[in-house]
Amino acid sequence: MAGLGREAGGDRSAAGVVPVGVGEAPEDIKMPTYIYGQSSPSLGDAKLRKPMVIEIIEKKIEYLRKEKTLNIYGTVTFGTTAGFSGILANLIFRNCFKVKHDALKTYASLTTLPFLSTIVSCELLVRHALYSGNISRENCVLRSSLIGIVCGVLYPTALAFSKNGRLAVKYHTVPLPPKGRVVLYWLLLCQTEIKAMVIPLILQTALGIYHGLQHYAIFESTLEKTVHED
C-alpha cells in the first residue's frame, strides 16, 4: 500500500499537478479591474477636450461681440438721424420766430437730447426686452418705429417750438400772442414751415421699421449660432 501511495504521488508530481488548498485562489487567475465596455479615461483625452471647450467658448464670445457691435452701429445711426431731425426743427422754428439769439445753445440741445433719448429708448424698450424674450418680431418693429416717430420727430419738434417761442417772447422778435392762446398763435405763425417736418417723419418711420427688423434678425442669428455650438 505504501508503495502504491509513493507511486501515485510521483505520478502527480511528474504531471505537474500541485494540490490547491481550500479557500486559496489559483495564482494564474486575475480579477478584472475594469468594467467591460467602459473605456478608462486617459490623459490625452483630457488634454484634447480642454482646448475644444475653450474654442467653443471663444466662438460664442466672438459671435456675441460681433452681434453687439452691429446692434450698437444700428442704434447710433438711428440716434444720429434723430439729431439731424432736431437740427432741422430748430432751423425751421428759429426762422418762423425770427430768433437770432442763443444759436449755439439751442442747436446743441436740439441735437444732443433727441440723440440720447433715441439711444436710451432703443436700449430699454427694444434691445433689453428682445434679449429677455418678452417681445415678438412684430412688437419689436412696432416699438422701434414708435421710438423713431416720438424721439426722432415729435420730441425735437416740440422742444424746438418751445425753446424758440420763449426766445421770441424774451427778445420781442414777433408780436406777443394774446393771453390764453399762445400755442395756437405760434402754430398759426409756423403752419407753413412746419410742414417740412414731414420729411424727417417719413425717414424716421422707415428707419424705425428697418432698425426693428435688423435687431430681431441679429437676435435670431445669435440665438441660432449659440444653440448650434452647444
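All figures in this text were calculated on a predicted structure; none of them were measured in a lab. The analysis underlying the following values was restricted to heavy atoms, covering all of them including side chains, and did not include hydrogens, waters or symmetry mates.
- Ile149 and Leu88 end up in the same hydrophobic cluster when Ile, Leu, Val, Met, Phe, Trp and Tyr side chains are linked at under 4.5 Å.
- A donor-acceptor contact closer than 3.5 angstrom is absent between the side chains of Glu123 and Thr75.
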_Gln204 vs Thr81, side-chain hydrogen bond (donor to acceptor under 3.5 Å, both in side chains): CA-CA, chis, key distance, verdict_ = CA-CA 7 Å; Gln204 287 299 105; Thr81 56; 2.6 Å; yes

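- Between Cys122 and His215 there is no side-chain heavy-atom pair separated by less than 4.5 Å.
- Here the straight-line distance linking atom CG of Leu188 with atom SG of Cys96 works out to 12.0 Å at 0.5 Å rounding.
- Atom NZ of Lys170 sits about 9.0 Å away from atom NE2 of His101, to the nearest 0.5 Å.
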*Begin with the C-alpha distance, continue with both residues' side-chain angles, and end with the deciding distance and a verdict on side chain to side chain contact (heavy atoms under 4.5 Å, CB included) for Tyr171 and Lys100.*
CA-CA 9 Å; Tyr171 295 104; Lys100 304 295 183 182; over 6 Å; no

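- With hydrophobic clusters built from ILVMFWY side chains whose heavy atoms lie under 4.5 angstrom apart, Val153 does not share a cluster with Leu203.
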_Go through it in stages, so that I can follow the logic: the residues are Ile87 and Leu110, the test is side chain to side chain contact (heavy atoms under 4.5 Å, CB included), and I'd like the CA-CA distance, side-chain angles, deciding distance and then a yes or no._
CA-CA 6 Å; Ile87 293 175; Leu110 262 298; 5.9 Å; no

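- When atom types are taken as modelled, the side chain of Ser144 and the backbone of Gly208 share a donor-acceptor pair closer than 3.5 angstrom.
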*Report the C-alpha separation of Phe161 and Ile194 in whole Å, then their side-chain angles, then the decisive distance to 0.1 Å, and conclude whether the side chain to side chain contact (heavy atoms under 4.5 Å, CB included) test is met.*
CA-CA 10 Å; Phe161 182 80; Ile194 203 174; 5.7 Å; no

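- Nearest approach of Cys140 to Gly212, heavy atoms of both residues: SG-O, 3.4 Å.
- Hydrophobic clustering of Ile, Leu, Val, Met, Phe, Trp and Tyr side chains at less than 4.5 Å, counting indirect connections, keeps Tyr216 apart from Val141.
- Nearest heavy atoms, Arg94 versus Tyr107: CD-CE1, 4.1 Å.
- At a threshold of 4.5 Å between side-chain heavy atoms, the hydrophobic network of Ile, Leu, Val, Met, Phe, Trp and Tyr places Trp186 and Val183 in one connected group.
- The number of heavy-atom neighbours closer than 6.0 Å to CZ of Phe84, taken from other residues, nucleotides and ligands shown, is 12 or below.
- Summarising the geometry of Thr118 relative to Pro114, their closest heavy-atom pair is OG1-O, 2.8 Å, with the distance given to 0.1 Å.
- One hydrophobic cluster, built from ILVMFWY side chains closer than 4.5 Å, holds both Val182 and Val174.
- The two atoms that bring Gly79 and Ile119 nearest to each other are CA-CG1, 4.5 Å, heavy atoms only.
- Rounding to the nearest 0.5 angstrom, the gap separating the CG atom in Leu167 from the CZ atom in Phe93 is 13.5 Å.
- Checking side-chain atoms of Arg143 against main-chain N and O of Leu125 turns up a donor-acceptor pair under 3.5 Å.
- The local environment of OH in Tyr185 is crowded, with over 12 non-hydrogen atoms from other residues, nucleotides or ligands closer than 6.0 Å.
- For Thr112 (side chain) and Ala108 (main-chain N/O), a donor-acceptor pair under 3.5 Å exists by modelled atom type.
- Residues Phe219 and Arg127 form no side-chain contact, since every pair of their non-hydrogen atoms from C-beta on lies 4.5 Å or further apart.
- Between the side chain of Ser162 and the backbone N or O of Ala158, no donor-acceptor pair lies under 3.5 Å.
- The shortest non-hydrogen separation linking Cys151 to Ala82 is O-CB, 4.2 Å.
- Taken to the nearest 0.5 Å, the CD1 atom of Ile147 stands 9.0 Å off from the CG atom of Leu124.
- Across all their heavy atoms, Phe97 and Cys190 have their closest contact at CZ-SG, 3.8 Å.
- Here the NZ-OG1 distance, from Lys163 to Thr106, works out to 8.0 Å after rounding to the nearest 0.5 Å.
- No side-chain donor-acceptor contact under 3.5 Å links Ser221 to the backbone of Ala217.
- From Asn90, atom CG reaches atom OG1 of Thr111 across 7.5 Å, with rounding to the nearest 0.5 Å.
- Annotation: Leu187, atom CG; neighbour count of heavy atoms from other residues, nucleotides and ligands within 6.0 Å is above 12.
- With hydrogens and angles disregarded, a donor-acceptor distance shorter than 3.5 Å links the side chain of Asn164 to the backbone of Ala160.
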